[in-house]
Amino acid sequence: MCGIIGFAGREEAAPILLEGLARMEYRGYDSAGIAVRSEERGLQVKKTKGRLQALFDLTHGGADLEGPLGIGHTRWATHGEPNDINAHPHISEKGNIALVHNGIIENYLEIKEHLIRQGVHFTSDTDTEVVAQLLEFHYNECHSMLEAVGRVLRRIEGSYAFGIICSDYPNALIAARKDSPLILGYGKGGNFIASDVTAIIKYTRDVAYMDDGEIAVVTADHIDVFDAELTPVEKQHSLVDWDVSAAEKGGYAHFMYKEILEQPEAVRKTISPRIREGRVVLDEFSMTAEEAQSISRIFIIACGSSYHVGMVSKYNWERLLRRPVEVCLASEFRYSDPLVDEHSLVIVISQSGETLDTMAAMREAKRLRGRTLAIVNVVGSSIAREADHVLYTWAGPEIAVATTKAYSTQLVLMDLVGLYLGDLLGTVDRAEYDAILSELQALPEKMRAVLADITPIQYFASRYFNHDSIFFIGRNLDYAMGLEGSLKLKEISYIHSEAYASGELKHGTISLIEPGTLVVALGTYGPLFDKAMSNVVEVKARGAEVLAVTTETFRERMEKTADATVAVPDTHPVLQPSLGVVPLQLFAYYVALQRGCDIDKPRNLAKSVTVE
Ligand code: AGP
C-alpha cells in the first residue's frame, strides 16, 4: 500500500527519496511524488501517475529538485482515481505546506465543507488534501507548525501516518502517526522517516517506532518526539537485524523466486532457537499448565495466506489439543459480535503486522478480554506491539506481494505453538511430541530436496499455463494447503482458480468438470489418501486433466491415475503442508512467468493492506 519516506540532512534529498520509494515499490502503488525544500527555491513538488520510472524521468533522477529536506510518497488510491492531481504530496492553497499521508481520514468531507465555507479552494478529490489545507488554516492562526499539527490531529478522525514540510521551516520535517506505521531512522548524514524500514535500510539500521498519537520533529542532527499534548517523549532505539542485501534481488529475476528458495533457511531460523533439549521453548509466550487448562476456546484470526495457515492449524490443533479452534477471516470477525471471553486464546497471524482488518479484529478480541498472541514477521510492527504476546517468524524481509517464506515460517511457528500447548494440556503423548519435533527439525533439509528438483514443475507449468480455470482439490490438510496453492496461482497469474474440499465436489462443483479441465489434486495427507484417490478417479472419469501432488510413499499409486505427478518427501502427517506447498508456489510462479505477468507486483494488489 502507500509508502512514505522523509529526509532531513545535508545532502540533496531528492535522489535519496526516489531511491527509498523504489525500495517500497513492492508494496503496490499507482502514483508517486516528492516535495523538496531549499533556501533559494523554497518548496518544489513533482508528482505523477504511474510507475516510479515516470517520476524519475520527470525529475531527471531527482536532479530537478534542490535542497536537503524532503518527503516522498507512493500512493495506492482510496479517495479519487489514480492521477497526477490526486498523487501526493498535497500542497496547501498558499503553497507553503506539503504533506504526504498513508491511511484514511474518515471525517474529511465535513472538514472540507467547513474549509470551503472559509474560502479555501481544493484541487484534488483526496482526503489528504483536506489535511494539508486544514494545517495551513491552523498555522495561519497560531504561526507554530508543531502547535498547528497538534490542532489538526485533535480535529481529524481515522488512520494516518504523515510527513510534512513547510517553507517557513528550512531544517525540519514533521511526522505524526495513528494506526498506520511510521519509523524514525537515525542516520549519520541526516535523519529519516519511513513507513517501511526497507526504504531507509541502506542508510541506517538504527530506528525507533513511532506510537499512536506521537509527533516527531526531524532535523539533520536531532529527532524530537512529542505526545499528543506536545510533551517530549524519550524513544527507545532498535537495531534492525538485517541489512540491505536481504531486501535486494541478488541476481534473481524475481523476489518471489528468491524468497521461495530462502524457505529452508527461514524455517530453520524460526524453529531452531525455540527447541532446546528436545522441548519447545517459547520465551515470549510462556504459560502455566493451569493457564492452559483455563483456555476453553481458541480463535485464529488473519487474512489471505495467513488465514490459510490458520486453516492448517485448525485441523492440527483440534486433533492435538482437543479444544475447539475457530479460524476467522479478520474482516468478518471484527463485525461478528464474536464469542470471545477471558477464557479465549486469540492468535492473530500477520506477515506485515500492519493489516488493518487483523489489527481491528485483535483490538476487538482484547476489548472482550481474550488473551492475544501475535504471530508476526515484521519486528516492531503495530500488531506485534499491541498484542499481549508476540512470536516472530524469522523470515527476514519479504518483498514479493505473493507471500511464500512468510507463509512457511508461520506454519512451522504454529506447529511449535501447538506442540507447546499440547504438552501443557497433556493432550499430546510423548512419542508423538518427539516424532513431530524431530520431523520439524528435518523440514529444512526436506524442503531443500523439493527445491533441488524443480524441472518437472517448470515442465508442468509450460504444459498447463494456458488454462483459464484451475481447480485445487484435497481433503483435510490437503484442502487447507489447496486454498493457499489456489490463491498463489490466481494472485500472480490471474488465472481463475478455486480450491475445494474433495468431498464437496459432488455437491455442486463437479458440474464444472469437463474434458480438459485442469484439476490439481493434492494427496499428501496419508490418513485420507484412499479417499483423495477416489476423488481423483471421479474427476478423471469426467475428462479432467489431473496434476497431482503427493508424497514419495504414494507416488506409484498416484501415477497410475494422474496425468502428471509431483512427489515430495514424507514427513509427519501434520507437517506435510510445509513440503506440499512448495511445488504449488513454484507452479504458480512458473505459470505466471510463462504468461508474462508482473510477478512481484501483481495488478491491484498491495503487500500490506492498511485500509479496510
Ligand atoms: C498472500 O500472497 C497475499 N499477498 C495476502 O493474502 C496476504 O497474506 C494478506 O494480505 C495478509 O497479510 P498479512 O499476513 O501481512 O497480514
Side-chain angles (χ1 to χ4, degrees), residues 1 24 26-28 76 179-181 195-198 254-257 259-260 263 266 300-313 327-334 347-363 372 374-387 390-393 395-411 413-414 480-494 497 499 581-582 584-589 592 597-612:
M1 297 239 122
M24 289 188 289
Y26 75 95
R27 295 169 64 99
W76 196 85
D179 294 343
S180 186
S195 53
D196 183 329
V197 81
T198 48
H254 298 99
F255 278 110
M256 183 178 176
Y257 186 64
E259 288 160 6
I260 289 173
Q263 291 183 105
I300 303 176
I301 307 171
C303 304
S305 296
S306 299
Y307 170 78
H308 297 156
V309 170
M311 289 290 289
V312 171
S313 303
V327 196
C328 312
L329 290 165
S331 52
E332 290 295 317
F333 175 92
R334 58 185 294 198
I347 318 262
V348 292
I349 308 177
S350 176
Q351 186 285 130
S352 60
E354 301 294 349
T355 302
L356 190 81
D357 283 323
T358 309
M359 165 85 111
M362 182 179 79
R363 286 181 178 162
T372 55
I375 305 287
V376 170
N377 192 42
V378 177
V379 176
S381 54
S382 307
I383 291 175
R385 287 182 301 141
E386 275 192 35
V390 59
L391 289 170
Y392 285 111
T393 49
E398 189 177 65
I399 307 294
V401 165
T403 180
T404 52
K405 62 176 180 171
Y407 171 89
S408 291
T409 52
Q410 288 167 349
L411 266 188
L413 189 46
M414 287 296 280
M481 183 172 88
L483 290 168
E484 178 59 8
S486 170
L487 179 65
K488 283 287 84 78
L489 185 76
K490 65 188 133 198
E491 68 183 330
I492 61 168
S493 75
Y494 315 144
S497 159
V581 78
V582 178
L584 304 185
Q585 297 167 338
L586 286 164
F587 181 67
Y589 174 78
C597 299
D598 191 352
I599 293 179
D600 285 338
K601 297 189 281 287
R603 67 184 180 207
N604 304 337
L605 292 179
K607 182 65 181 165
S608 79
V609 183
T610 50
V611 293
E612 191 173 354

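In listed order, ligands and their atoms are each counted from 1. The first residue of the sequence shown is numbered 1, and numbering continues consecutively from there. Heavy-atom basis, side chains included; hydrogens, waters and symmetry copies ignored.
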### Query
Is there at least one pair of N or O atoms, one from V401 and one from ligand 1, spaced under 3.5 Å apart?
yes
### Summary
The side chain to side chain donor-acceptor pair (under 3.5 Å) partner of T403 among Q351, E491, E484, E398 is E398
### Task
Report yes or no: does K607 have a heavy atom closer than 4.0 Å to ligand 1?
no
### Query
Do side-chain atoms of N377 reach the backbone of G396 as a donor and acceptor pair under 3.5 angstrom?
yes
### Message
Is a donor from one side chain sitting under 3.5 angstrom from an acceptor on the other, for T393 and K405?
### Response
no
#### Entry: ligand 1 to Q351 polar contact by distance, N or O atoms, under 3.5 Å
yes
## Note on the structure
For atom 15 (O) of ligand 1, the closest protein heavy atom turns out to be S352 OG, 2.7 Å
### Side-chain H-bond candidate by donor/acceptor type, S382 with E354, under 3.5 Å
yes
### Query
Of all the atoms in ligand 1, which lie at a distance below 4.0 Å from a heavy atom belonging to A402?
2 (O)
### Task
Identify, for atom 9 (C) of ligand 1, the protein heavy atom at the shortest distance, and state residue, atom and that distance.
C303 O, 3.7 Å
### Task
Quick one: look up the protein heavy atom nearest atom 16 (O) of ligand 1 and list residue, atom name and how far away it is.
T355 OG1, 2.5 Å
### Task
Considering only non-hydrogen protein atoms, determine which one is nearest to atom 2 (O) of ligand 1 and report residue, atom name and distance to 0.1 Å.
E491 OE2, 2.4 Å
### Task
Run the numbers on K488 and Y407 for side-chain contact (heavy atoms from CB on, under 4.5 Å), then give the verdict.
CA-CA 11 Å; K488 283 287 84 78; Y407 171 89; 5.8 Å; no
### Query
What residue and heavy atom of the protein are closest to atom 10 (O) of ligand 1, and at what distance?
V609 CG2, 4.2 Å
### Message
Checking contacts here: is it the side chain or the backbone of K488 that comes within 4.0 Å of ligand 1, counting heavy atoms only? Could be both or neither.
### Response
side chain
### Any donor-acceptor pair under 3.5 Å from D357 side chain to A330 backbone
no
#### Entry: Numbering as shown, the atoms of ligand 1 that approach S305 to under 4.0 Å (heavy-atom distance)
1 (C), 2 (O), 6 (O), 8 (O)
### Message
Please tell me whether Q263 and T404 have a donor and an acceptor in their side chains that are separated by less than 3.5 angstrom.
### Response
no
### Message
Could you check whether any side-chain N or O of S486 sits under 3.5 Å from a backbone N or O of G482, counting only pairs where one atom can act as donor and the other as acceptor?
### Response
no
### Query
Are any of the N/O atoms in Q410 less than 3.5 Å from those in ligand 1?
no
### Task
Find all atoms of ligand 1 within a distance of less than 4.0 Å from any non-hydrogen atom belonging to S350, and give their numbers and elements.
13 (P), 14 (O), 15 (O), 16 (O)
### Message
Any heavy-atom pair between the side chains of V348 and T372 that's under 4.5 Å?
### Response
no
